[in-house]
Amino acid sequence: MNSQRALGLALALTLAAAGCGGGGDEFSLPEGAGSGGAAPTGPAYDPATATASIAGSILFEGDAPEMPPIQMSADPYCLDAGAGTREEAVMVTDDAKLRNTMVFIRSGHDTGLFYAPPAEPVVLDQEGCRYIPHVFTMMMNQDITFRNSDNTLHNIHAFPMVNMQINVGQAIQGMETTDSFTIAEGPFAIRCDVHRWMNSFTAVFDHPFHTTSGDTGDYAINVPPGAYEVVAWHERYGEMTGSVTVAAGETAEMSFTYSEPAE
Amino acid sequence: MGPAAPAGDNVGLHRFAVFTALATTFLIFAGGLVTSTGSGLAVPDWPLSYGMFFPPMVGGVFYEHGHRMVAAFVGLLTCVLAVWAALREDRRWVRWLSIGALLAVIFQAILGGITVRYLLPTPVSVSHAMLAQTFYCAVVALALFTSPDWKRGLPVAGDRAGAPSLPFLCAMTTGAVYLQLLLGALMRHTGSGLAIPDFPLAFGRLVPAFETPNVAIHFAHRVGALLVTGMIVWTSVRILSGYRRHARLVRPAILIAGLLTVQLTLGAFTVWSEKAVMITTFHVANGAVILAASVFLTIRSFAMLPPGGARRGTA
């Protein structure tokens with residue numbers, strides 16, 4: 001009887017036992033693509049001083065890998081609304097330019113100025129069970145509006161390394177949620193945990209000198225005259241850098257060429 | 001047809017406890033599916049799901065909300081079990097154990113909510129995984145303690161001679177399995193499952209370079225598998241050689257050895273398949289069953305090998 005009681009007591013006590021462990025996340029991305037750091041607090045930047053321009057193309061050399069179609073059978077709505085959708089990691093235009101590449105200034109801009117975030121929010125839409133745009137850039141403290149244009153539920157799960165993670169659910173078509181990131185940091189992913197194929201990439205900057213190659217594979221950034229380090233970042237092929245000096249009223253050409261790495 | 005259960009056996013309570021244990025096995029499998037499919041945050045709110053009791057079961061929601069539904073069912077079963085025991089169970093310590101199980105499942109639900117609301121912090125997620133195992137052991141123990149076989153009094157199989165004694169050896173094996181499950185949970189919730197991508201070697205070597213914590217965690221789980229294998233083999237050999245006539249000890253020992261073989265195979269295929277969802281999830285669930293079987297054997301061994309070999313009376 002005593003041993004039974006002891007056994008019961010021991011088992012009851014072990015109910016309180018639980019493990020512990022360290023932090024970590026399975027998702028990792030190249031560091032340092034953004035300029036990083038906190039906001040400068042100096043005099044305000046005047047956009048009218050951006051009288052020069054850096055422009056170019058993101059070129060792709062060689063045969064572009066064929067993106068596989070996305071298997072959307074996990075959600076009947078997506079199966080219909082997203083029919084024919086392919087993965088978007090590598091999208092090359094007919095004239096051999098790489099879409100969805102971030103381009104931004106890493107150094108050379110006046111870090112003593114205060115760069116106010118745009119008043120207009122960035123909009124990340126969910127349509128056809130994919131994120132639109134697939135790659136975008138934004139400024140810290142700029143609003144980002146998540147919109148669900150689909151007639152199914154989504155969650156928007158951002159995986160920044162420095163900023164707080166965001167995970168919001170949108171169950172209803174037309175639903176919008178606005179948030180922001182308060183610290184500049186390099187590219188990170190935004191994913192939907194409901195539909196695992198949905199992903200988007202963004203970076204948060206403390207200055208306005210950033211853009212993407214969008215749908216055309218070309219880009220242009222207006223800057224004050226000066227010497228700059230320019231960075232291109234692609235979700236699969238990573239980062240390329242270049243230096244350029246541009247004078248007032250001029251456009252400096254700076255193109256980057258990516259290719260599929262050898263096996 | 002076996003002998004009729006003696007009066008006061010309360011076979012209904014026992015059967016209900018067995019059913020709860022089986023449901024808990026499925027719950028652990030469902031929980032494993034959530035992690036294996038990366039659906040832990042597919043439902044970002046808690047306790048509701050997208051503000052609803054029953055959202056559309058699409059994509060990752062199927063796994064996460066499905067897990068919540070099964071958990072709610074097991075919680076309900078545990079509640080009924082505790083009430084039933086409170087009303088019909090004579091032994092106070094069994095009643096307390098059932099209350100402990102109920103508190104555990106409640107706390108487990110809260111831990112699940114916290115891990116969702118705080119975006120899967122590793123300590124909370126690992127604690128959630130380990131409390132699940134602990135709760136499972138408690139329910140299996142309840143099923144054993146409420147069985148007519150237990151209440152009638154198990155036959156004495158010997159004394160606690162030898163060093164270590166069989167009950168102590170079984171307890172050590174159970175402890176080793178529990179620690180191994182802790183390492184497994186740590187591996188899953190730190191994303192270390194493929195930190196070492198080859199098997200049976202590790203980066204082509206017996207011992208890899210510990211360049212990241214993930215590699216160390218993964219390798220610790222492999223070393224743990226070796227230790228657990230050794231403990232289970234030791235326990236099984238001890239029982240098969242010294243207690244061959246006692247089916248109550250032999251059967252669970254053989255079962256555990258068989259489950260271990262399955263578990264090692266599943267572990268290898270988890271790496272080789274790059275964490276295929278079903279293989280990984282069965283690896284998790286089978287690990288839990290090994291622990292439960294080991295707890296079962298440990299309790300029986302303590303009961304059948306009392307101190308000094310004195311015959312134990314019925315509870």
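Since we're looking at a predicted model, the values are computed, not measured. The sequence lines fix the lettering, A, B, ..., with proteins before strands; numbering per chain opens at 1.
When side chains are defined from C-beta on, B/Tyr50 does not count as touching A/Ile172, because their heavy atoms never get closer than 4.5 Å. Side-chain contact between A/Leu153 and B/Val61 is present, with heavy atoms from C-beta onward closer than 4.5 Å.
In terms of heavy-atom proximity, B/Gly38 sits nearest to A/Arg196 at O-NH1, 2.9 Å. Taking all atoms of both residues into account, the shortest heavy-atom contact from A/His195 to B/Val58 is NE2-CG2, 4.4 Å. Taking all atoms of both residues into account, the shortest heavy-atom contact from A/Val168 to B/Pro44 is C-CG, 3.8 Å.
Environment of CD in A/Glu61: sparse, with no more than 12 heavy atoms of neighbouring residues, nucleotides or ligands closer than 6.0 Å. Within 6.0 Å of CE in A/Met164 there are 12 or fewer heavy atoms belonging to other residues, nucleotides or ligands. Within 6.0 Å of CD in B/Glu274 there are 12 or fewer heavy atoms belonging to other residues, nucleotides or ligands. Counted within 6.0 Å of CZ on B/Phe62, heavy atoms from surrounding residues, nucleotides or ligands total 12 or fewer; the atom is thus considered open. Enclosure of atom OH in B/Tyr118 is not indicated, since only 12 or fewer non-hydrogen atoms of other residues, nucleotides or ligands lie within 6.0 angstrom.
For the atom pair CG of B/Leu41 and CZ of A/Arg191, the computed distance is 10.0 Å after rounding to the nearest 0.5 Å.
Neither the backbone nor the side chain of B/Ser49 comes within contact range of chain A, judged by heavy atoms closer than 4.5 Å. With a 4.5 angstrom heavy-atom cutoff, A/Ser73 does not touch chain B via any of its atoms. Interface remark: B/Pro121 contributes no atoms to any contact with chain A (heavy atom separation under 4.5 Å).
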